[in-house]
Amino acid sequence: MFTKQGPTVRELAVQALSSIERGYDLLAPKFDETPYRTPDRVLDAVTRAVRELGPFDAGLDVCCGTGAGVGVLRQLCRERAVGVDFSAGMLAEARGAFPPGSEGPAVHWVRADARSLPFAPAFDLALSFGAFGHFLPAERFGLFAEVYGSLRPGGQFVFPLGAPPPVGSRAYWSLFGFDAAMRVRNALWRPRFVMYYRTFRLGDVLEDLTQAGFVVRLLPLTELGLRPDGSPRARLVVATREGQDVSGGS
């Protein structure tokens, strides 16, 4: 699962026994050499799907990590892309990946907790990749409400969501085992490290998005493959803040 340039077992153990923030500060220099970084094929599929929803002026990558989502925003937004994360280590890596003066829209980095975003309604587009497992179900509505408040009327919040693995499959038991181990770890050790793979269920997500004020639709990401029953392996969740943006953009 890991390249030779990735973290050692000892480094992963230290990270797992840290808080989320401290753990990602430690992991940041080698994060892109782990399976936790969103694969390029997923980034590319989302980019192509979201391009059809534009145009966009300003974009926000929520929980940006080392900046993979900002790379998507720079392909989609005409004026600026903003990455927000609460890990100083991850933001340092992201800044290095997108140095000032590089081609494309302006890039800005903000250190903040996604549960309390420091933005006025200034963005046409918000996205996020692979971060939702770090939020407990009770925190999800508040997170979505913060994103809603950062979007202009008509702005869109998008993210890919994979179909759950078949019950009893190897992937099913792998995720079940990981979540079970994480619950035991958090029951016995402080600080907690919140990372669960099975708490972000589509029905609950759609309900929380709707309660936060979004109008939601799902787009199939068919280029990421189909399940045996013909349904897509992944969908793009498109949550729109209703209203007309009189300042331009989407």
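What you see is a predicted model, and the numbers here were worked out from it, not measured in a lab.
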Go through Leu218 and Leu202 one step at a time and tell me if the side chain to side chain contact (heavy atoms under 4.5 Å, CB included) criterion holds. CA-CA 10 Å; Leu218 301 175; Leu202 178 60; 4.1 Å; yes

Report the C-alpha distance between Cys64 and Leu91 in whole Å, list the side-chain angles of each, state the deciding distance to 0.1 Å, and finish with yes or no for side chain to side chain contact (heavy atoms under 4.5 Å, CB included). CA-CA 8 Å; Cys64 66; Leu91 289 172; 3.7 Å; yes

Worked verdict on Phe157 versus Tyr148 for ring pair (Phe, Tyr, Trp, His ring centres under 6.0 Å): CA-CA 8 Å; Phe157 178 33; Tyr148 183 94; over 10 Å; no

Where do Val205 and Phe159 land on the side chain to side chain contact (heavy atoms under 4.5 Å, CB included) test, with the steps shown first? CA-CA 11 Å; Val205 169; Phe159 52 87; 3.9 Å; yes

Derivation of the side chain to side chain contact (heavy atoms under 4.5 Å, CB included) call for Phe141 and Glu207: CA-CA 9 Å; Phe141 167 79; Glu207 181 178 353; over 6 Å; no

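Formation of a donor-acceptor pair under 3.5 Å by the Asp57 side chain with backbone atoms of Glu79 is not found in this model. A donor-acceptor pair under 3.5 Å is formed between the side chain of Asp25 and the backbone N or O of Ala88. Judged purely by atom type and a 3.5 angstrom limit, Arg140 uses its side chain to pair as donor or acceptor with the backbone of Thr199. Listed for the Asp124 side chain is a donor-acceptor partner under 3.5 Å among the backbone atoms of Ala58. Within the 3.5 Å criterion, the main-chain N or O of Ala122 finds a donor-acceptor partner in the side chain of Arg152. Judged by distance alone, with hydrogens and angles left aside, the side-chain atoms of Ser18 form a donor-acceptor pair with the main-chain N or O of Val14 at under 3.5 Å.
Taking CG of Leu60 as the reference point, atom NE2 of His108 lies at 12.0 Å (rounded to 0.5 Å). Within the model, atoms CG of Leu136 and CG of Leu143 stand 11.5 Å from one another, a figure rounded to the nearest 0.5 Å. To the nearest 0.5 Å, atoms CZ (Arg41) and CG (Leu224) are separated by 5.5 Å. Taken to the nearest 0.5 Å, the CG atom of Leu76 stands 10.5 Å off from the CD atom of Glu52. The line from CG of Leu175 to CZ of Arg198 is 7.5 Å long, rounded to the nearest 0.5 Å. Put simply, OG1 on Thr38 and CG on Asp32 are 10.0 Å apart, with the number rounded to the nearest 0.5 Å.
Scanning all heavy atoms of the two residues, the minimum distance from Gly69 to Asp61 falls at CA-OD2, 3.2 Å. Across all their heavy atoms, Ser19 and Pro191 have their closest contact at N-CG, 3.5 Å. Considering all non-hydrogen atoms of both residues, Ala163 and Pro232 come closest at CB-O, 4.0 Å. Across every non-hydrogen atom of Ala126 and Val147, the tightest pair is CB-CG1, 3.8 Å. For the residue pair Leu43 and Thr47, the shortest heavy atom distance occurs at O-OG1, 2.7 Å. Residue Cys63 comes nearest to Ser128 through the heavy atom pair CB-OG, 4.5 Å, listed as atom of the first residue, atom of the second, then distance.
Classified by interplanar angle (parallel below 30°, tilted 30° to 60°, perpendicular above 60°), the ring pair Phe176/Tyr172 is parallel.
Following chains of ILVMFWY side-chain contacts shorter than 4.5 Å, one can reach Val194 starting from Tyr197, so the two form part of one hydrophobic cluster. Tracing side-chain contacts under 4.5 Å through hydrophobic residues (I, L, V, M, F, W, Y), one never reaches Met182 starting from Phe135; they form parts of separate clusters. Note on Tyr36 and Tyr24: same hydrophobic cluster, where clusters join Ile, Leu, Val, Met, Phe, Trp and Tyr whose side-chain heavy atoms are under 4.5 Å apart, directly or indirectly. Leu209 and Leu151 fall within the same hydrophobic cluster, defined by Ile, Leu, Val, Met, Phe, Trp and Tyr side-chain heavy atoms under 4.5 Å apart, directly or through other members. The same ILVMFWY cluster, assembled from side-chain heavy atoms under 4.5 Å apart, contains both Val62 and Phe132.
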Distance-only criterion, 3.5 Å: show the donor-acceptor pairs between side-chain atoms of residues 114-121 and protein atoms not counting sequence neighbours.
from, atom 1, to, atom 2, distance (Å)
Arg115, NE, Asp113, OD1, 3.0
Arg115, NE, Asp113, OD2, 3.3
Arg115, NH1, Glu139, OE2, 2.7
Arg115, NH2, Asp113, OD2, 2.7

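Arg217 has its side chain within reach of Gln156: a pair of non-hydrogen atoms, C-beta onward, lies under 4.5 Å apart. A heavy-atom distance below 4.5 Å is found between the side chains of Pro29 and Glu93. In this structure, Val50 and Leu125 have side chains that are in contact, with non-hydrogen atoms separated by less than 4.5 Å. For the pair Arg227/Pro166, a side-chain contact is recorded, criterion being any heavy-atom separation below 4.5 Å from C-beta on. In this structure, the side chains of Asn186 and Tyr196 come closer than 4.5 Å at one or more pairs of heavy atoms. Considering only heavy atoms from C-beta on, Leu53 comes within 4.5 Å of Leu219 through its side chain. Inter-residue side-chain proximity for Phe129 and Pro160 is flagged as met; some heavy-atom pair is nearer than 4.5 Å. Side-chain contact check for Phe144 versus Gln211: every heavy-atom pair is 4.5 Å or farther apart.
Separation of the His134 and Phe86 ring centroids does not fall under the 6.0 Å cut-off.
For Arg22 and Phe193, the positive end is not near the middle of the six-membered ring at less than 6.0 Å and at most 45° from its axis.
Side-chain contact annotation: Ser87 with Asp85, donor-acceptor N/O pair under 3.5 Å absent.
Other residues, nucleotides and ligands contribute only 12 or fewer heavy atoms inside 6.0 Å of the CZ atom of Arg10. Shown here is Arg192, whose CZ atom has no more than 12 heavy atoms of other residues, nucleotides or ligands within 6.0 Å.
At a threshold of 4.0 Å, the pair Glu21-Arg111 counts as salt-bridged, since one of the basic side-chain nitrogens sits closer than that to a carboxylate oxygen.
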